[in-house]
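Both backbone and side-chain heavy atoms feed into the values below; hydrogens, waters and symmetry mates do not. If you're wondering where the values come from, they're calculated on a predicted model, not measured in any experiment. Atoms within each ligand, like the ligands themselves, are counted from 1 in listed order. Numbers for residues simply follow the sequence, beginning at 1.
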Amino acid sequence: MKLKPSSWSADFRRKKMASGQLSRAEALARSGCRHACHVMLYSSTKAQLFGRSPIKHIILMQMRFDGLLGFPGGIVDPSKETLEAGLTRELLEELGVAIPISVEDHVETYYAPASSPSPSQLILHFYVKKMEEEQIMELEKAAASTAVDHGEEVLGMVRVPLYTTKGGVGLPAFLSHSFIGNARSQLVQSLLRLNLVSSWELHKALTHSLRIHARSVEDLPALLVLTEVKRKPSRTNT
Ligand SMILES: O=c1[nH]cnc2c1ncn2[C@H]1C[C@H](O)[C@@H](COP(=O)(O)OP(=O)(O)O)O1
């Protein structure tokens, strides 16, 4: 069936809604929602791993207080500040530098997955900003020295390895970790959109990350047994 132009846009809107995606303006018009803004800061680099393998790009993520990987950012109240001003404020807290973020850096807005434990719907806004390598290095220093959230909400900044080593780790191992919300999908989609890693390499890395993940949890049942044994004597002591 051929759709009329008016029904194309209706069809496009329906598909976007089904994927949980909405425009920045649509999101701001929704009442009773909470908003969170996060940003992928990145730069290109000429640095080489072990002096021979090009690293190509530096992408910053963080190890959060909850042990999950995510992008810097946080909750913003649009009735008090713009989304971008709120994101800049969050960056000052987490990275120690108020990096200016503009509407042009906005990439996508989604409804958070329904499983998020919250009474009000959370809307996630994602931004991407390219910087100079020197600026990224300054940020890493500030994040570990002057940022107020360091050691508490943020345990540390991490760089994303975009290469796969001969042993099959690097990006595949990074992708096998646990991420907050849809941060892993934000990362993978940004790598594709910005052409930082080819779709072929990403496909291989994701396939391998599934195997790494399965292997990395193999020791958990044995560790569980170990802690059960350790727990028993203290129970009998009380
Ligand atoms: O990197 C992220 N990508 C997508 N969603 C994210 C990311 N980090 C957090 N979130 C979601 C899940 C969180 O509950 C909310 C709030 O983010 P957070 O950074 O924890 O906000 P505050 O520091 O508490 O302001 O967004």
Side-chain angles (χ1 to χ4, degrees), residues 16 19-24 27-28 30 32-42 57-99 101 105-131 136 139-140 142-144 146-162 171 174-194 196 206 209:
K16 262 177 54 169
S19 71
Q21 205 180 334
L22 68 171
S23 75
R24 185 181 171 283
L28 288 172
R30 295 263 181 281
C33 294
R34 293 179 314 132
H35 296 259
C37 299
H38 296 91
V39 63
M40 181 178 110
L41 301 169
Y42 79 105
H57 303 280
I58 302 173
I59 294 180
L60 286 189
M61 291 192 79
Q62 60 188 21
M63 177 55 73
R64 297 161 43 95
F65 68 96
D66 49 17
L68 300 172
L69 289 165
F71 289 100
I75 298 283
V76 173
D77 181 352
S79 70
K80 296 198 177 122
E81 55 192 345
T82 64
L83 293 175
E84 293 73 28
L87 178 50
T88 296
R89 175 185 49 70
E90 285 286 339
L91 295 179
L92 175 62
E93 290 169 16
E94 296 184 354
L95 297 170
V97 182
I99 303 145
I101 303 292
D105 302 317
H106 174 262
V107 176
E108 269 164 342
T109 291
Y110 307 86
Y111 287 111
S115 58
S116 302
S118 163
S120 60
Q121 175 75 62
L122 178 65
I123 296 181
L124 301 168
H125 305 268
F126 188 60
Y127 296 74
V128 170
K129 187 176 173 80
K130 186 163 189 192
M131 304 179 79
I136 293 276
L139 279 187
E140 289 174 318
T146 56
V148 294
D149 284 349
H150 179 67
E152 293 179 21
E153 282 191 41
V154 181
L155 303 182
M157 300 307 297
V158 293
R159 293 183 180 196
V160 180
L162 296 184
L171 183 57
F174 189 86
L175 292 172
S176 75
H177 293 310
S178 297
F179 291 70
I180 178 82
N182 66 342
R184 178 170 26 219
S185 140
Q186 288 172 332
L187 171 64
V188 169
Q189 289 186 35
S190 302
L191 295 180
L192 283 174
R193 194 185 300 114
L194 298 165
L196 301 185
L206 282 165
S209 78

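Distance check: L60 CG to L139 CG gives 6.5 Å after rounding to the nearest 0.5 Å. Residue M40 holds its CE atom at 11.5 Å from CD of Q189, rounded to the nearest 0.5 Å.
Looking only at protein heavy atoms, the nearest one to atom 21 (O) of ligand 1 is G74 CA, 3.4 Å. Distance from atom 4 (C) of ligand 1 to its nearest protein heavy atom, with residue and atom name: N182 OD1, 3.1 Å. Atom 19 (O) of ligand 1 has as its closest protein heavy atom H38 NE2, 3.1 Å. The single protein non-hydrogen atom nearest to atom 12 (C) of ligand 1 is I180 CG1, 3.7 Å, given as residue, atom name and distance. Closest protein heavy atom to atom 15 (C) of ligand 1: L122 CD2, 3.8 Å. At the shortest separation from atom 5 (N) of ligand 1 among protein heavy atoms lies L124 CD2, 3.6 Å. The protein atom (non-hydrogen) at minimum distance from atom 1 (O) of ligand 1 is F71 N, 2.8 Å. The shortest contact between atom 18 (P) of ligand 1 and any protein heavy atom is with R64 NH1, 3.7 Å.
Counting heavy atoms closer than 4.0 Å to ligand 1, residue A183 contributes atoms from both its backbone and its side chain.
Of the possible donor and acceptor atoms, one in the side chain of E94 sits under 3.5 Å from a partner among the backbone N and O of G73. A donor-acceptor pair under 3.5 Å links the side-chain atoms of R184 to the main chain of H177, judged by distance alone. When atom types are taken as modelled, the side chain of T109 and the backbone of S23 share no donor-acceptor pair closer than 3.5 angstrom.
Near A36, meaning under 4.0 Å from one of its heavy atoms, ligand 1 places the atoms 26 (O). Residue contact check: Q186 has heavy atoms under 4.0 Å from atoms 1 (O), 2 (C), 3 (N), 4 (C) of ligand 1. Close approach of ligand 1 to G70 is summarised as follows: ligand atoms under 4.0 Å from at least one heavy atom of the residue are 1 (O). Per-residue contacts place E153 under 4.0 angstrom from the following atoms of ligand 1 (heavy atoms of the residue considered): 23 (O). With ligand atoms numbered from 1 in the order given, ligand 1 contributes 25 (O) to contacts under 4.0 Å with heavy atoms of E90.
Look at L68 and you'll find every heavy atom at least 4.0 Å from all atoms of ligand 1.
On a distance-only criterion, I75 and ligand 1 share at least one N/O pair closer than 3.5 Å.
Closest approach of A27 to H125, counting heavy atoms only: CB-CE1, 3.7 Å.
Residues L87 and L83 are not in side-chain contact: their nearest non-hydrogen atoms beyond the backbone lie 4.5 Å or more apart.
Ion pairing between R89 and E81 holds under the 4.0 Å rule for side-chain N and carboxylate O. Residues E140 and R159 are paired through a salt bridge, judged by an N-O separation under 4.0 Å between the basic side chain and the carboxylate.
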Step-by-step side chain to side chain donor-acceptor pair (under 3.5 Å) determination, R34 to S120: CA-CA 7 Å; R34 293 179 314 132; S120 60; 3.3 Å; yes

